[in-house]
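What follows is a set of notes on a single structure, which appears directly below.
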Amino acid sequence: MKAPFNFDNTYARELEGFYVPWKGAEVPAPELTKLNIKLAEELGLDVDYLQSAEGVAVLTGTHAPEGSESLAMVYAGHQFGGFSPQLGDGRALLIGEIIDTAGQRRDLQLKGSGRTPFSRGGDGKAVLGPVLREYLIAEAMHALGVPTTRALAAVTTGEKIHRNGLEPGAVLTRVAASHLRIGTFQFFAARGDTQKVKTLADYAIERHYPELKESDNKYLSLLTKVIDVQSRLVAKWVSVGFVHGVMNTDNTTISGETIDYGPCAFIDHYDPNAVFSSIDSQGRYAYMNQAAILQWNLTRFAETLLQLIEPDNSDKAIELATKELEKMPVMYQAYWLGEMRAKLGLATGQDSTLQDGDEELINSLFEILKNDHVDYTQFFRSLSKATQGDVEQVQSLFTVPENFNTWLRSWQERIESSQVAVDSIAKQMDLVNPIYIPRNHKVEFALKEASEKGNLKPFEELLVLLNQPYSEVGGKEDFASPPPEGTPQCVTYCGT
């Protein structure tokens, strides 16, 4: 049977020296655990083939299909502020690039396929729980409209891997617009290899932003573009209550997609200082610190491009790059306000632009939510009913409703001033305020059942709801609720 992959591997073909050709480790008993059939069809792949023994071997990296050129990418990165000059794909393989049914180029990458030259002492393996976590969260983010890598498949390997005791080994197949990272640029810039940085920048422009080729200064324009797409991305994260948890420069993509779902989680009650990573003791990557960290990461990106921006005048290059970086907080704030105004029903009517008082109204709301530990997702979903006077549901979320009631009256007056039918506003709010998010206690239960008991039913049930986050399903109220009182704080881990 011929593998139905429409490969066109530009990274392997054009970027020699940026990777090491490699092959996945042999595994004793590969078994398909989950296949994303809808995504497979979008990619133009043969679902029957992927479910065959040969297809499953491709999804573990032990079989190289026709046209593939599997390789491990090299990159560097700042991890929690400290620079690591060489990281790279320690347990991942890019098996190739395919052109999907919409004509878009997509990477196919395996995660957990064994050791590579960049494993740094690790075993290169992954275990089922974290693989299913990435599958769940990535698909939930996609359904929420957040730019993200996708999960095509999860395959168990028949091995037992040492993590928290012995756990079932697994491999994730990840789909991305590309795996270019700020850290990829940092690897070569740190070695003073300006020619390779230029080659990489030209490749990134050609692949992601070909319109920049005609710019007066295309490398400065690349910086500006990445600032823009990443600002929009992080504003999306914050709008849905997502905490990435490991916003290292090697996890900041050039494409503007979310990548790496290790120590990540969604907030339940609103807490700007929420941290879920076991190693982020200082709160570097806390929920509301993500925009500031993004600017720091983007500054590191700018540093790699300085010799391209103005090759003969470093002072001028710094001046130009700094000017672009200084725009980032304003740019992010505009995206964030746009997201929040939509969630609050303030972006409707003939004049849907920012109104006087909108920003103050939004900021005062978050202070109230923080002080009363109100569930973030439930609040926004309940608020749409208040457009028509039904305020009991949203009021019930507050233990001290007086301050909220004052805010509510101001919000209702603002809604009325838009002169838009309230049912229309409510419908628009419900399109951007989900009912279902990956509630941490539900995720952990599903992963534990799958890993310890081989029971995938909780995972499947949760995945169905996360794929339709805005549509209420009868009998699933507990999936839309915060954890029961006394539930331990969610803690997530790197490198599992």
Say you draw a straight line from [atom1] of [X] to [atom2] of [Y]; how long is it, rounded to the nearest 0.5 Å?
X: E139; Y: E134; atom1: CD; atom2: CD; value: 10.0 Å
X: L365; Y: N403; atom1: CG; atom2: CG; value: 11.5 Å
X: R174; Y: R106; atom1: CZ; atom2: CZ; value: 13.5 Å
X: N289; Y: L294; atom1: CG; atom2: CG; value: 11.0 Å

Any donor-acceptor N/O pair, [X] side chain to [Y] backbone, under 3.5 Å:
X: N297; Y: M247; result: yes
X: R300; Y: W296; result: yes
X: H244; Y: D260; result: yes
X: S113; Y: G61; result: no
X: S68; Y: S70; result: no
X: T253; Y: E257; result: yes
X: N371; Y: E367; result: yes
X: H373; Y: D271; result: no
X: Y270; Y: F379; result: no
X: Q109; Y: V175; result: no

Looking at residues at least two apart in the chain, or sitting in another chain, which of them share a side-chain hydrogen bond (donor to acceptor under 3.5 Å, both in side chains) with E359? Q333
[Y] and [X], any side-chain heavy atoms less than 4.5 Å apart:
X: V234; Y: S231; value: no
X: N248; Y: H78; value: no
X: D358; Y: L337; value: no
X: T249; Y: R181; value: no
X: T116; Y: R91; value: no
X: P168; Y: V127; value: no

Strictly by modelled atom types, are [X] and [Y] linked by a side-chain donor-acceptor pair under 3.5 Å?
X: T157; Y: E159; result: yes
X: H179; Y: D107; result: yes
X: Q393; Y: S382; result: yes
X: Y285; Y: Q290; result: no
X: T399; Y: D372; result: yes
X: H208; Y: S178; result: yes
X: D423; Y: Q388; result: no
X: Y335; Y: S239; result: no

Axial cation check for [Y] ring with [X], 6.0 Å and 45° limits:
X: R409; Y: W407; result: no
X: R232; Y: W336; result: no
X: K343; Y: F380; result: yes

Got a sec, which pairs hit salt bridge (Lys or Arg N to Asp or Glu O under 4.0 Å) with one end in residues 433-442, sequence neighbours left out?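 Listed once each, the pairs are D268-R439, D375-R439, K442-D478.
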For residues [X] and [Y], report the shortest heavy-atom separation together with the two atoms involved.
X: V243; Y: A286; answer: CG1-C, 4.5 Å
X: L87; Y: F118; answer: O-CB, 3.2 Å
X: D89; Y: A72; answer: OD2-C, 3.8 Å
X: V238; Y: M340; answer: O-CE, 4.1 Å
X: G256; Y: P147; answer: O-CB, 3.4 Å
X: R381; Y: S384; answer: O-OG, 3.3 Å

L383 vs W411, test: side chain to side chain contact (heavy atoms under 4.5 Å, CB included). Steps then yes/no. CA-CA 10 Å; L383 188 64; W411 173 77; 3.8 Å; yes
Just do the salt bridge (charged side-chain N to carboxylate O under 4.0 Å, His left out) check on E167 and R163 with the steps written out, would you? CA-CA 7 Å; E167 299 185 45; R163 290 297 185 266; over 6 Å; no
Using ring pair (Phe, Tyr, Trp, His ring centres under 6.0 Å), reason through Y470 and Y436 one step at a time and then give a plain yes or no. CA-CA 7 Å; Y470 303 102; Y436 307 109; 9.9 Å; no
Check each of Y287, Y376, F266 against F242 using the ring pair (Phe, Tyr, Trp, His ring centres under 6.0 Å) test, and report the only one that passes.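 Exactly one candidate clears the test, F266.
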Apply side chain to side chain contact (heavy atoms under 4.5 Å, CB included) to the pair S410 and L361, showing each step before the final yes or no. CA-CA 8 Å; S410 298; L361 186 68; 3.9 Å; yes
Which of L35, T101, I98 passes side-chain contact (heavy atoms from CB on, under 4.5 Å) with L45? Answer is I98
Apply salt bridge (charged side-chain N to carboxylate O under 4.0 Å, His left out) to the pair K38 and E41, showing each step before the final yes or no. CA-CA 5 Å; K38 186 175 180 180; E41 292 172 344; over 6 Å; no
For E31, all residues meeting side chain to side chain contact (heavy atoms under 4.5 Å, CB included), sequence neighbours excluded: T156
